[in-house]
Amino acid sequence: MLISLNWLKELVDISGYTTEELSEIITKTGIEVDGISEPEELPQGVVVGNIISCEQHPDADKLSLCQVDTGEETLQIACGAPNVKAGQKVAVAKPGAVLPGNFKIKKTKLRGEESNGMICSLQELGVNEEDVPEAFKDGIFVFPEDTETGEDAVKLLNLDDSVLELDVTPNRADVLSMVGMAYETAAALARNYTLERPSYEEAKDKADSDVAVKIVDKEANPYYGAFVVQDVEVKESPLWLKNRLMAAGTRPVNNVVDITNYVLLEYGQPLHAFDRDRFNSNVIVTRYAEEGEILETLDGKLRTLSPHHLVITNGEKAHALAGVMGGKESEVHEGTTDLLLEAAYFDPQVVRRSANDHELRSESSVRFEKGLDVNRVAQAGERACELLQKYAGATILKGTAEEDHLNRKETVIRMETSRLNDRLGTKMEVQDVKNVLRRLQFEYEEKKGVFDVQVPSRRFDISIFEDMLEETARIYGYDHIPYTLPEGSGQAGGLTEEQRLKRNVKTFLEGAGLSETITYSLTDKESAEEMISPELKDEQHGAVRLAMPMSEDHSHLRLSILPELLRTHSYNTARQQQNLAYYELGKVFISREDEHVQQPKEVLRAAGAVSGEWVTNPWQQEKKEADFFVVKGIVEELAGRLGLSFTYVKGDVQGMHPGRTALVVCNGKTIGFMGQVHPRYQKKHDLKETYVFDLNMDLLLNLYEKEETFVKIPKYPSVSRDIALVVGEKTSAGEIEETIVTTGAPLIKQVRVFDVYQGEHLAPGEKSIAFRLLYQNPERTLKDKEVEEAHGAILEAVAAKHNARLRQ
Amino acid sequence: MKERLQELEQEALLKVEQAETIEELKSVRVEYLGKKGPITEVLRGMGKLPKEERPVIGQLANEVRERIADAIEEKQSRLEDEALEEQLKNEDIDVTLPGRPIQVGGPHLLTSIIEEIEDLFIGMGFEIKEGPEVETDYYNFEALNLPKGHPARDMQDTFYITEELLMRTHTSPVQARTMNAKNGKEPVKMICPGKVYRRDNDDATHSHQFTQIEGLLVDENVRMSDLKGVLQEFAAKMFGKERMIRLRPSFFPFTEPSVEMDISCKVCGGEGCSVCKGTGWIEILGAGMVHPNVLEMAGYDSEKYSGFAFGMGPERIAMLKHGIDDIRHFYTNDVRFLKQYHNA
Ligand SMILES: [Zn+2]
């Protein structure tokens with residue numbers, strides 16, 4: 001909301017504070033000043049001039065030559081505005097004047113004719129384009145006829161105003177008005193403010209003999225008051241009124257519309273004026289619309305209504321969408337003479353629904369939605385009548401036609417000084433509390449430090465003790481609350497075992513060369529359902545979809561981290577970043593049977609992707625592209641870190657290379673997969689050869705068992721034996737290794753592949769795998785005979801099981 | 001015989017002196033000290049000597065032998081040193097050539113910030129709690145004093161999945177769940193970091209996914225001054241002791257009173273500049289005393305128990321600390337961005 005300080009100044013004394021100081025105080029007591037617009041470059045030397053004569057420039061079609069009286073002298077000025085005429089009072093920048101943008105006005109000649117100054121448009125004086133009234137959009141600004149020649153145009157146009165931009169929190173709807181801000185400012189500065197009751201002359205005839213009001217739904221519309229206003233003269237508003245509207249960002253239209261807008265800004269109460277003739281009825285009926293009822297609103301749009309939209313009718317048809325926008329048919333126009341002026345209270349939820357359904361958020365609907373002072377509804381109508389009488393020459397019938405079901409029950413809150421201090425940690429005296437309440441202008445009764453506070457109706461946000469606690473604290477000053485530390489439970493903070501493990505896994509992966517990424521959980525449908533890990537495959541039935549996504553790119557919850565992680569690879573590859581190694585620790589989401597009420601199962605996963613050179617070659621070493629075994633090395637080492645051992649089984653995962661993908665198994669359970677991304681997928685996403693892993697962290701953290709007891713460092717030497725076995729090329733190293741380990745137990749300590757060979761000296765379809773076996777006995781030094789026996793048994797077993805022979 | 005030994009000694013010492021290589025030295029040793037050498041020969045011929053002379057000559061022979069051996073030893077180590085010097089001269093390398101690169105990764109900047117904040121609050125006795133990212137309407141809103149139709153729900157545009165399920169818009173539901181689990185009896189002292197989601201278009205200052213850290217302390221006799229104390233402690237550690245903090249009133253449906261905390265602008269020191277929009281202050285977090293409705297809904301007696309809560313955005317803190325101008329950087333994962341902050 002925008003607050004004009006020139007306006008505020010007239011309500012509350014703010015002297016003695018600079019704009020910055022005032023903003024700081026208002027912010028610290030509760031209403032955040034989000035911006036200050038002060039006139040940085042005020043136009044200088046601009047006065048009101050009277051155009052004595054206006055003739056066509058002899059040598060330029062589009063220019064007029066004007067003789068302008070500025071009070072002190074008469075200047076000849078060339079003017080190109082289409083709306084310039086003799087007899088107008090205009091803003092004249094005299095020679096020597098400076099306009100915004102450091103535009104200096106000098107005496108000059110235009111097409112041979114002297115021009116000693118400039119007749120200004122509002123834009124040239126620094127007014128925002130959108131605040132300029134329609135009539136002056138494309139030309140110079142014209143002052144009302146009775147304006148004094150020679151007066152300071154800047155003052156008259158209120159260009160010296162400072163405007164505060166407030167960021168009002170939803171609870172403080174009471175300050176969405178000048179009156180509200182006046183109370184707030186008075187409390188903040190400890191100064192005085194009282195709202196004066198409007199006064200105007202009432203005609204003898206009574207409004208309620210002329211018009212009848214009927215409310216059909218009291219809940220939706222607790223109060224409706226109609227003022228009967230006659231013989232108005234629709235014309236331009238006085239300059240001061242237009243200035244205030246413009247300072248608040250509202251464009252002036254005509255006096256009637258401007259006055260209702262003005263009262264909205266001043267009181268925070270939306271009003272609506274119907275053209276009486278076109279409303280064409282002596283009854284006003286408020287009711288819910290009928291299904292399919294049509295209303296043409298002020299903006300010229302046809303609105304199809306539903307039974308939860310409240311409308312104002314003339315007994316037959318709708319003339320306004322209650323609280324949101326008036327109807328086109330009964331709009332005030334130039335020829336309007338009589339008005340029905342509405343001052344009403346509509347249910348916030350009802351207005352909110354109408355505004356939402358029709359996408360019509362207005363200054364009016366926002367205020368209804370946030371709540372209004374029940375005691376200021378009719379008074380706002382009176383204020384409008386006062387102004388209509390003064391500036392539109394209106395006759396106003398006595399009283400209102402109304403139906404009133406408003407609940408005006410007062411809120412009383414008990415507040416003990418001791419409890420206040422307990423909760424705030426302060427040492428306020430009873431007198432301090434009294435000072436605060438006086439500044440807030442809240443009535444109270446007090447006995448021995450116990451206050452019964454009567455909350456005024458304008459502060460409808462206050463209903464419980466804690467609200468008063470805040471109210472007291474903020475006026476007393478948050479700065480005056482001391483700094484203490486909690487006295488209670490001496491709990492020792494810390495990470496849980498799982499949190500600690502997660503951090504360890506991250507540190508490990510980073511040490512292994514991978515950079516952490518954070519990608520989006522929401523992705524497109526296709527990506528959401530790609531590369532789902534086999535152990536989740538059976539559980540899931542499609543990605544969870546948002547009801548109303550912002551875009552299809554972020555419409556589904558991912559079932560795998562990899563597609564978004566690979567998107568990161570594509571992004572970087574496209575930017576000449578060649579060697580990439582990433583991981584992410586994050587959740588995937590598996591919908592349940594009853595997906596409407598049951599939250600999806602969230603599974604934590606660790607996924608990584610590597611492409612490009614793993615070992616780079618600047619000058620000395622051999623370079624090496626990332627491959628399956630680079631990633632496998634990381635996964636194996638991670639298993640070691642967690643005290644687990646993984647086995648790897650060839651597997652099939654959608655989106656992955658069919659021959660280069662392994663399921664990762666731990667304790668007989670699949671816990672994820674690793675391998676190469678399918679070349680087709682790589683091509684589609686402009687990826688280089690990319691290797692990935694994706695592990696179920698929830699399962700891993702469950703399987704992890706902390707190694708508690710110390711394992712002795714072996715004292716006795718080990719014996720190593722190398723064997724090269726020739727087997728069929730489809731036989732996997734893993735199966736042979738398993739045979740070696742089971743046969744050689746318990747003396748076998750370690751089995752390692754150190755060479756794989758295929759080619760010369762071997763038959764086609766054969767390969768040789770070389771293993772280094774390590775034998776050790778923790779109890780004593782091994783005897784040759786023991787090793788020979790074990791070794792022999794192993795050779796027999798691999799020959800029998802895998803048809804393996806020793807390579808000669 | 002004595003003369004013969006002295007002669008041999010002179011001769012041998014001279015040869016040692018003259019030897020220029022370890023090889024030459026070796027042959028001197030063989031020549032004089034070997035089994036067939038002249039000293040051995042002298043000793044062998046001792047039988048011909050009178051009995052009383054034998055020990056005298058024997059001792060002398062041994063002394064001579066030792067002296068020669070010492071001289072050889074000394075010379076040998078000198079020659080070895082010289083040889084090593086010579087060898088080292090040829091082993092010169094260009095120390096300005098680059099080392100062999102190793103692959104190193106590092107944490108995401110947001111993780112660094114979050115872990116720093118976690119550790120800071122752990123030090124003050126807080127636990128870390130986590131919760132689901134897909135929440136129920138109840139825990140995300142209703143349990144936090146935001147019933148259906150509450151206008152403040154507009155403050156957080158929400159990604160709904162069904163009428164009952166949504167992407168959590170803040171990590172506060174974790175607080176509600178933690179309080180609920182305590183049955184309104186035990187104190188709670190926790191922070192909850194995590195991802196949250198809002199129905200926003202991504203631009204320089206908005207992201208439909210971002211992170212949050214919220215904290216909660218519920219106990220008997222928790223005061224607003226405690227909130228001030230804890231936040232000051234946090235700000236001093238996170239941003240430096242020289243930064244001032246300011247609390248000002250605000251509004252959150254789940255706290256009453258509610259505050260927003262600003263810290264003095266680092267760029268201008270409080271004078272006002274473009275970074276702080278001329279105010280001298282930078283908004284860092286929202287906080288407040290837990291609303292009695294929230295306590296009651298979780299089963300706490302709000303007459304007896306009170307508490308405070310606070311919440312902040314790691315993205316915002318990271319952006320302020322490092323002068324990052326676009327929130328999308330955190331989720332684009334440009335490797336050049338990520339690597340800048342591996343030591344953050
Ligand atoms: Zn600054």
Side-chain angles (χ1 to χ4, degrees), chain A residues 27-28 30 169-171 349 369-370 423-425 466-467 469-470 473-474 478 481-486 488-489 491-495 499 506 509-510 513-521 544 546-548 550 554 568 571-572 577 580-581 587 589 596-597 599-600 602 614 616 618-621, chain B residues 97-98 100-101 103-108 110-111 121-122 124-128 132-134 136 149 151-152 155 159-162 164-165 187 189 195 199 201 208-209 217 219-220 222-226 228-229 232 247-251 256-257 259 277 291-292 306 330-335 338:
Chain A
T27 300
K28 281 176 88 169
T169 52
N171 60 323
Q349 302 264 22
E369 284 176 44
K370 293 187 171 167
R423 284 293 152 91
L424 296 176
E466 281 74 11
D467 295 329
L469 188 69
E470 173 169 73
R474 73 182 183 93
Y478 281 6
I481 298 175
Y483 295 97
T484 59
L485 286 175
S489 67
Q491 168 184 303
L495 295 173
Q499 289 161 349
K506 283 178 163 173
L509 291 172
E510 285 153 20
L514 309 183
S515 294
E516 190 192 12
T517 59
I518 302 178
T519 62
Y520 293 132
S521 312
V544 176
L546 298 179
M548 277 168 61
M550 285 297 267
H554 305 296
T568 295
Y571 176 91
N572 280 292
Q577 302 302 310
L580 302 168
K587 286 173 166 181
F589 303 81
H596 275 276
V597 288
Q599 289 159 272
E602 299 184 11
W614 180 253
T616 53
W619 66 282
Q620 199 187 28
Q621 58 193 350
Chain B
L97 281 169
R100 290 188 195 184
Q103 275 279 1
V104 265
H108 192 281
L110 286 177
T111 305
F121 280 101
I122 285 173
M124 289 193 262
F126 285 74
E127 291 178 305
I128 298 172
E133 292 172 28
V134 176
T136 59
M155 285 166 85
F159 279 128
Y160 276 92
I161 292 166
T162 65
E164 288 310 314
L165 295 180
K189 196 173 181 183
K195 290 176 188 152
R199 203 169 172 278
N201 273 317
H208 74 274
Q209 173 183 318
L217 171 66
D219 204 341
E220 292 176 34
V222 177
R223 304 158 294 184
M224 193 157 163
S225 55
D226 298 335
K228 262 186 98 168
Q232 189 193 38
L247 295 188
R248 55 186 167 76
S250 187
F251 170 75
E256 187 77 34
V259 304
K277 287 201 244 157
H291 197 287
S306 54
F330 296 108
Y331 297 96
T332 310
N333 295 302
D334 190 309
V335 68
L338 297 177

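In the text below, chain A, chain B and the rest are named by the order of the sequence lines, each starting its count at 1. In this text the structure is predicted, and so the values were computed from the model without any measurement.
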Report summary line: For B/Ile128 and A/Gln499 the tightest heavy-atom approach is O-NE2, 2.8 Å
Query raised in the report: Is the B/His208 ring parallel, tilted or perpendicular to the A/Tyr520 ring (thresholds 30°, 60°)?
Result: tilted
Query raised in the report: Tell me, do A/Gln599 and B/Thr136 make a side-chain contact under 4.5 Å, heavy atoms counted?
Result: yes
Query raised in the report: Where on B/Val222 is there a heavy atom nearer than 4.5 Å to chain A: the side chain, the backbone, both, or neither?
Result: backbone
Query raised in the report: How long is the span from the NE2 atom in B/His291 to the CD atom in A/Glu470, to the nearest 0.5 Å?
Result: 9.5 Å
Query raised in the report: With side chains defined as the heavy atoms from C-beta onward, is the minimum distance between A/Met548 and B/Arg199 less than 4.5 Å?
Result: yes
**Report entry** Test item: B/Lys189 side-chain N/O and A/Gly493 main-chain N/O as donor-acceptor pair under 3.5 Å
**Finding:** no
Report task. Heavy atoms only: give me the nearest A/Leu546-B/Phe159 pair and the separation to one decimal. Result -> CD1-CD2, 3.4 Å
**Report entry** Beyond-backbone contact of B/Leu338 with A/Glu516, side-chain heavy atoms, under 4.5 angstrom
**Finding:** no
Query - Region of A/Lys506 in contact with chain B, defined by heavy-atom distances below 4.5 Å - result: side chain
Query raised in the report: Which one, B/Ser250, B/Pro249, B/Ser306, leads in non-hydrogen pairs under 4.5 Å with chain A?
Result: B/Pro249
Query raised in the report: B/Asp219 versus A/Pro486: any side-chain heavy-atom pair under 4.5 Å?
Result: no
Requested in this report: Report the distance from atom CG of A/Leu469 to atom CD of B/Glu256, rounding to the nearest 0.5 Å.
Outcome: 8.0 Å
**Report entry** Heavy-atom proximity to chain B below 4.5 Å, by part of A/Phe589
**Finding:** side chain
Query raised in the report: With respect to chain B, which residue among A/Ala473, A/Pro600, A/Gly425 yields the maximal number of heavy-atom pairs within a distance under 4.5 Å?
Result: A/Gly425
Query raised in the report: Are any side-chain N or O atoms of A/Glu466 and backbone N or O atoms of B/Pro292, one a donor and one an acceptor, separated by less than 3.5 Å?
Result: no
Report summary line: In terms of heavy-atom contacts, B/Glu133 and A/Lys587 come closest through OE2-CD, 3.3 Å
Report summary line: Here the pair of heavy atoms bringing B/Arg248 nearest to A/Thr27 is CD-CG2, 3.3 Å
Query raised in the report: Under 3.5 Å, is there a donor-acceptor pair between the side chain of B/Ser225 and the main chain of A/Ile481?
Result: no
Report task. Please report the closest heavy-atom contact between A/Tyr483 and B/Gln232, naming both atoms and the distance. Result -> CD2-OE1, 3.5 Å
Query raised in the report: Quick one: of B/Lys228, B/Glu164, B/Glu127, who has the most non-hydrogen atom pairs under 4.5 Å with chain A?
Result: B/Lys228
Report task. Answer yes or no: is there a side-chain heavy-atom contact under 4.5 Å between B/Asp334 and A/Asn572? Result -> yes
Query raised in the report: Is there side-chain contact between A/Tyr571 and B/Thr332, with at least one heavy-atom pair below 4.5 Å?
Result: yes
Query raised in the report: By a 4.5 Å heavy-atom criterion (distance strictly below it), what part of B/Phe126 contacts chain A: side chain, backbone, both, or neither?
Result: backbone
Query raised in the report: Can you tell which of B/Leu97, B/Val104, B/Val134 has the highest number of heavy-atom pairs within less than 4.5 Å of chain A?
Result: B/Val134
**Report entry** Max heavy-atom pair count under 4.5 Å with chain B, selected residue of A/Thr519, A/Thr616, A/Leu509
**Finding:** A/Thr519
Requested in this report: List the atom of A/Pro170, the atom of B/Phe251, and the distance in Å for their closest heavy-atom pair.
Outcome: CD-CD2, 3.5 Å
Query raised in the report: Among B/Gln209, B/Glu220, B/Met124, which residue forms the greatest number of heavy-atom pairs with chain A at distances under 4.5 Å?
Result: B/Gln209
**Report entry** Winner by heavy-atom pair count (cut-off under 4.5 Å) against chain A, out of B/Gly106, B/Gly229, B/Pro98
**Finding:** B/Gly106
Query - chain B contact via A/Leu424 - side chain, backbone, both or neither, heavy atoms under 4.5 Å - result: both
**Report entry** Interchain contact, B/Phe330 with chain A, by part (heavy-atom threshold 4.5 Å)
**Finding:** backbone
Query raised in the report: Tell me, do A/Ile518 and B/Lys195 make a side-chain contact under 4.5 Å, heavy atoms counted?
Result: yes
